[in-house]
Student: 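Got a structure here, written out as structure tokens. Questions coming.
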Amino acid sequence: MTQTTFTPRVFSGIQPSGGLTLGNYLGAMKNFTTMQDAGTHETVYCMVDMHAITVWQDPAALKRNTRELCAGFLASGIDPEKSILINQSQVPEHAQLAWIFNCVARMGWMGRMTQWKDKSGENAEGASLGLFAYPALMAADILIYHATHVPVGDDQKQHLELTRDIATKFNHDYGVDFFPITEPVIRGAATRVMSLRDGTKKMSKSDPVDASRINLTDDADAIAKKFRKAKTDPDPLPGTPEGLEGRPDARNLVNIYAALSDTSVEEVLAANDGKMFGYFKQDLADLAVARLTPVSSEMSRLMEDPAEIDRILARGAERAREITAPILARTYEIVGMVR
Ligand code: TRP
């Protein structure tokens with residue numbers, strides 16, 4: 001158990017691998033904004049470009065996607081004065097600490113990561129070394145800020161456990177109480193946004209069917225059309241959540257409505273008991289257009305001024321380094337590196 005008290009600090013990251021969806025907005029960004037505005041924690045949000053290149057990225061696309069992700073953060077309410085907003089490779093201490101952690105983490109730990117097994121698939125021999133080491137870099141992202149809380153989806157839970165293992169082993173091996181044992185803040189399945197064409201599959205930017213997702217860059221017509229055509233079952237809306245049992249498509253639309261209107265599933269159902277989905281989908285389309293078009297138009301406005309985005313990121317990196325440089329220096333000292 002760690003004895004030191006750490007500043008309450010939230011860290012989270014998103015890969016700039018292209019194509020932000022409603023899933024990113026409701027699952028991550030909206031929640032990041034709430035944490036920022038609560039003012040109970042310092043908040044650090046990161047575009048993880050070094051994680052993205054663990055699989056091939058076209059260089060021009062990586063640049064565009066990084067700026068677009070930054071525009072997405074800003075448009076969904078991240079304020080670069082309140083939060084530290086950064087691109088990973090612009091804060092070199094992430095990579096520097098990652099090397100130390102490569103020497104703390106064990107091959108066996110990394111080999112057990114389910115994301116590694118899924119992504120490397122049949123051809124692990126042909127996967128990059130970076131893909132294998134991915135979770136050690138993620139641990140460095142978090143611990144270079146001594147972050148105490150990390151909001152992520154449940155697919156990242158195992159990586160956060162590994163982060164705790166790395167912190168524990170480092171503290172133990174060097175006889176220090178230096179890195180915090182970070183708490184995951186896992187989003188439950190209820191806030192996971194599913195495909196509009198198949199309520200059992202996660203909404204994904206890589207689904208070949210565009211109608212399965214809402215892109216944050218979609219215009220009002222596209223948003224409305226996709227919701228009106230979303231898959232449902234023939235039954236009307238139930239009055240209580242039990243009535244959504246075994247109805248993944250219906251549940252998904254109700255979840256999205258609740259999240260977009262900042263209410264609970266119970267309240268949405270109580271207000272729409274017995275309504276046919278044809279009408280509900282129209283209401284949902286109107287709500288989504290009202291909520292999302294300001295985000296998409298702000299994103300396109302920002303994308304027209306990449307220099308402004310770059311200025312914001314440069315400033316974010318400068319602020320970040322006030323935290324990361326002393327933590328790295330202390331780490332090197334602990335490890336016994338001559339400075
Ligand atoms: N691995 C995370 C994902 O793909 C992204 C990520 C990188 C991250 N570093 C992080 C998330 C640190 C939280 C904290 O979703």
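All of these numbers come straight from a predicted model, not from anything done at the bench. One-based numbering, in listed order, for ligands and for the atoms of each. For the numbers below, each heavy atom of this structure counts, side chains included, while hydrogens, waters and symmetry mates do not.
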Student: Please check whether D141 reaches ligand 1 - meaning an N/O of the residue sits under 3.5 Å from an N/O of the ligand, judged on distance alone.
Tutor: yes
Student: What I want to find out is whether E333 reaches R330 closely enough, with some N-O distance under 4.0 Å, to be called a salt bridge.
Tutor: no
Student: Would you mind telling me if ligand 1 is within reach of the side chain of I14, the backbone, both or neither, using heavy atoms under 4.0 Å?
Tutor: neither
Student: Do me a favour and list the nearest non-hydrogen protein atom to atom 12 (C) of ligand 1 with residue, atom name and distance?
Tutor: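 Residue, atom and distance for the closest contact: F11 CE2, 3.4 Å.
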Student: Check for me whether the distance between the ring centres of H94 and F101 falls short of 6.0 Å.
Tutor: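 That pair fails the under 6.0 Å test.
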Student: Is any side-chain N of the basic residue among R164 and E161 closer than 4.0 Å to the acidic one's carboxylate O?
Tutor: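 Not counted as a salt bridge, because no side-chain N and carboxylate O are separated by less than 4.0 Å.
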Student: Take the angle between the ring planes of F277 and F280 and call it parallel below 30°, perpendicular above 60°, tilted in between.
Tutor: perpendicular
Student: Out of all atoms in ligand 1, which are within 4.0 Å of some heavy atom of H51? Include the element for each.
Tutor: 7 (C), 9 (N)
Student: Please state whether the rings of F170 and F178 are parallel, tilted or perpendicular, taking 30° and 60° as the class boundaries.
Tutor: tilted
Student: If hydrophobic clusters are built by linking Ile, Leu, Val, Met, Phe, Trp and Tyr wherever their side-chain heavy atoms come under 4.5 Å apart, do L26 and L196 end up in the same one?
Tutor: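 In one cluster: yes.
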Student: Which heavy atom of the protein is the closest neighbour of atom 5 (C) of ligand 1, given with residue, atom name and distance?
Tutor: G13 O, 3.5 Å
Student: Please confirm whether F132 and W116 have ring centers closer than 6.0 angstrom.
Tutor: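 Yes - the distance between ring centres of F132 and W116 falls below the 6.0 Å cut-off.
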Student: Is there any N or O on Q156 that sits under 3.5 Å from an N or O of ligand 1?
Tutor: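 Q156 vs ligand 1: N/O contact under 3.5 Å present.
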Student: Provide the number and element of each atom of ligand 1 under 4.0 Å from a heavy atom of V48.
Tutor: 7 (C), 9 (N)
Student: Report, in ascending order of atom number, the atoms of ligand 1 lying under 4.0 Å from any heavy atom of V150.
Tutor: 13 (C), 14 (C)
Student: Considering heavy atoms of the protein only, find what lies nearest to atom 1 (N) of ligand 1 and give residue, atom and distance to 0.1 Å.
Tutor: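 The closest heavy atom on the protein side is Y134 OH, 2.7 Å.
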Student: By number and element, which atoms of ligand 1 are closer than 4.0 Å to a non-hydrogen atom of V152?
Tutor: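 In order of number, 11 (C), 13 (C).
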Student: Write out the residue and atom name of the closest protein heavy atom to atom 10 (C) of ligand 1, then the distance separating them to 0.1 Å.
Tutor: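 It is M138 CG, 3.5 Å.
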Student: With heavy atoms of Q15 as the reference, note each atom of ligand 1 found under 4.0 Å away.
Tutor: 4 (O)
Student: Is any side-chain N of the basic residue among K63 and D310 closer than 4.0 Å to the acidic one's carboxylate O?
Tutor: no
Student: Could you list the atoms of ligand 1 found under 4.0 angstrom from a heavy atom of I142?
Tutor: 12 (C), 14 (C)
Student: Give a yes or no on this: more than 12 heavy atoms of other residues, nucleotides or ligands lie within 6.0 Å of atom CD of Q282.
Tutor: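 Yes, the 6.0 Å shell around CD holds more than 12 heavy atoms from other groups.
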